[in-house]
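Here is the naming used below: chain letters follow the sequence lines, and residue numbers restart at 1 for every chain.
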Protein chains: 2
Amino acid sequence: MIFSKTTEYAIRILTYMATDYEKLYSAKSIVDKLNIPNKYMRRIMTNLSKSNFIMSIQGRDGGYKFIKSPDNIYLAEIIDSVDGIDKYMGCVLGFNECSPKSTCAMHKSWTETKEKLYNTLSKTSLSNLIKNTIDKF
Amino acid sequence: MIFSKTTEYAIRILTYMATDYEKLYSAKSIVDKLNIPNKYMRRIMTNLSKSNFIMSIQGRDGGYKFIKSPDNIYLAEIIDSVDGIDKYMGCVLGFNECSPKSTCAMHKSWTETKEKLYNTLSKTSLSNLIKNTIDKF
DNA sequence: ATAAAATACTACAACAAAGTAGCATATAAA
DNA sequence: TTTATATGCTACTTTGTTGTAGTATTTTAT
């Protein structure tokens, strides 16, 4: 799979949360619903809650909730916040070889595809994603 | 980076070999030219030589050479032979969830991009790649 | 035959990603 | 103020990828 597990889980979690976007979700309730390793997921949540799209509420009856509408949260941002978007947008053939001066063997082929991908990721919001999702949560 | 080191190295090696495509290349001569870990590269060569685009010649004065024109060798084949193309063409959000019946959250967004990528990979030949490469070998 | 120079194979080492465990901290309800 | 139920943090384990080492095998030149 192209994306890491971390990115995969982050997107699945936020997409699920976006189905009832004003609700406060406990980590437990999410883990029970989605099939994601408990502790690994907790760490992702902690990281996500340092972003500007969800926040955490500690203590009893705590959890996570959106602080920004899922209409305005795009996949590119989510990926960037958990993995760093450069992980996927870098040159295909290693070490930042690609620049206007020196281009690697796949430069031209990859550039178009990468732009298409980035374009999709930065225009697809969580709300958008829900519409296209037949997945049962 | 999207692709694995194994795929990266395979493409770089074959692109280099394609610049003089009837020549017999020893592993040593390739390693000296490109900057690829020696033994790791040997293993990749052995795997590649089990494909239908290059063959190995053992013994003294041996090496590797194309058994098919680089005009007709496409990136998708190379990737498939070293990593398996499914590694990159699978569903973004895990476990073959995507099917006509059940689609994952990123299904629609990803499908277009994936097709674009696959299209590029299966239409870009080694010869094609050389034309677009400013890289010094 | 023997030596030289090449590939083939197998086992191990180092590193990064994914997943687990346990304890610390925070907060609301009783 | 105590208890229950949350999140936060840190260290460890497992697994997969990348890289290394050494030996066996193959073949040509002498």
Side-chain angles (χ1 to χ4, degrees), chain A residues 1-13 17 23-51 54-67 79 81-84 86-88 90 92-95, chain B residues 1-13 17 23-51 54-67 79 81-84 86-88 90 92-95:
Chain A
M1 180 176 25
I2 297 261
F3 296 111
S4 69
K5 285 288 175 191
T6 303
T7 278
E8 177 195 338
Y9 294 154
I11 293 173
R12 277 175 51 197
I13 291 163
M17 288 177 65
K23 187 172 153 189
L24 182 80
Y25 291 87
S26 69
K28 187 171 186 305
S29 76
I30 298 172
V31 159
D32 288 347
K33 202 74 181 176
L34 308 178
N35 216 24
I36 299 179
N38 190 348
K39 288 301 188 103
Y40 195 44
M41 179 271 193
R42 304 299 179 115
R43 215 170 4 182
I44 294 170
M45 292 313 290
T46 304
N47 287 333
L48 283 175
S49 67
K50 288 168 184 159
S51 72
I54 68 170
M55 64 171 290
S56 73
I57 294 170
Q58 288 196 346
R60 183 170 169 168
D61 300 339
Y64 302 91
K65 67 173 186 181
F66 286 107
I67 50 179
I79 295 171
S81 84
V82 291
D83 267 341
D86 289 348
K87 179 165 177 180
Y88 306 108
V92 236
L93 300 184
F95 340 118
Chain B
M1 184 177 22
I2 296 262
F3 295 112
S4 69
K5 283 290 174 191
T6 303
T7 278
E8 176 193 338
Y9 294 154
I11 292 173
R12 277 176 50 195
I13 290 162
M17 288 176 66
K23 186 171 155 190
L24 183 78
Y25 291 87
S26 69
K28 187 171 185 308
S29 75
I30 297 172
V31 159
D32 287 347
K33 203 73 182 176
L34 308 178
N35 216 24
I36 298 179
N38 190 348
K39 289 301 189 99
Y40 195 45
M41 180 270 193
R42 306 298 179 114
R43 215 171 4 182
I44 294 170
M45 292 314 289
T46 305
N47 287 334
L48 283 174
S49 68
K50 287 168 184 159
S51 72
I54 69 170
M55 63 172 292
S56 73
I57 295 171
Q58 287 194 346
R60 184 171 164 164
D61 300 337
Y64 303 91
K65 67 173 185 181
F66 284 108
I67 51 179
I79 295 171
S81 84
V82 293
D83 267 342
D86 288 349
K87 180 165 175 179
Y88 305 108
V92 237
L93 301 184
F95 339 120

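Listed candidates were C/dA18, C/dA26, D/dA29. Nearest to the side chain of B/D61 is D/dA29. Comparing D/dT18, D/dC9, C/dT7 against the side chain of A/K50 picks out D/dC9 as the nearest. Taking the side chain of B/Y9 as heavy atoms from C-beta on, and the options C/dA18, C/dA21, D/dG19, the nearest nucleotide is D/dG19. Distance from the side chain of A/P37 is smallest for C/dG19 among the nucleotides C/dG19, C/dC9, C/dA8. Considering only side-chain atoms of A/K5, the nucleotide from C/dT7, C/dC9, C/dA18 that sits closest is C/dA18.
Contact annotation: B/S56 reaches the phosphate of C/dA8 (side-chain N/O to OP1 or OP2, under 4.0 Å). Side-chain nitrogen and oxygen atoms of A/S49 include none within less than 4.0 Å of the OP1 or OP2 phosphate oxygen of D/dT7. In this model, the phosphate group of D/dT7 is not approached by any side-chain N or O of A/S26 to a distance below 4.0 Å at OP1 or OP2. Taking 4.0 angstrom as the limit, B/T46 places a side-chain polar atom (N or O) nearer than this to OP1 or OP2 of C/dA8. At C/dA8, one or more side-chain N or O atoms of B/Y64 fall inside 4.0 Å of OP1 or OP2 (strictly under the cut-off).
Comparing B/R42 and A/R60, the nucleotide of DNA chain C nearest to each residue sits closer to the 5' end for B/R42. Both B/D83 and A/R43 lie near DNA chain D, and the one whose nearest nucleotide falls closer to the 5' end is A/R43. Projected onto DNA chain C by closest heavy-atom contact, A/G59 and A/N38 fall at different nucleotides, the more 5' of which corresponds to A/N38.
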- Task: Go through the steps for A/R43 and A/N47 under the test side-chain hydrogen bond (donor to acceptor under 3.5 Å, both in side chains), then give the verdict.
- Result: CA-CA 6 Å; A/R43 215 170 4 182; A/N47 287 333; over 6 Å; no
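The line from CG of A/L24 to CE of A/M55 is 9.0 Å long, rounded to the nearest 0.5 Å.
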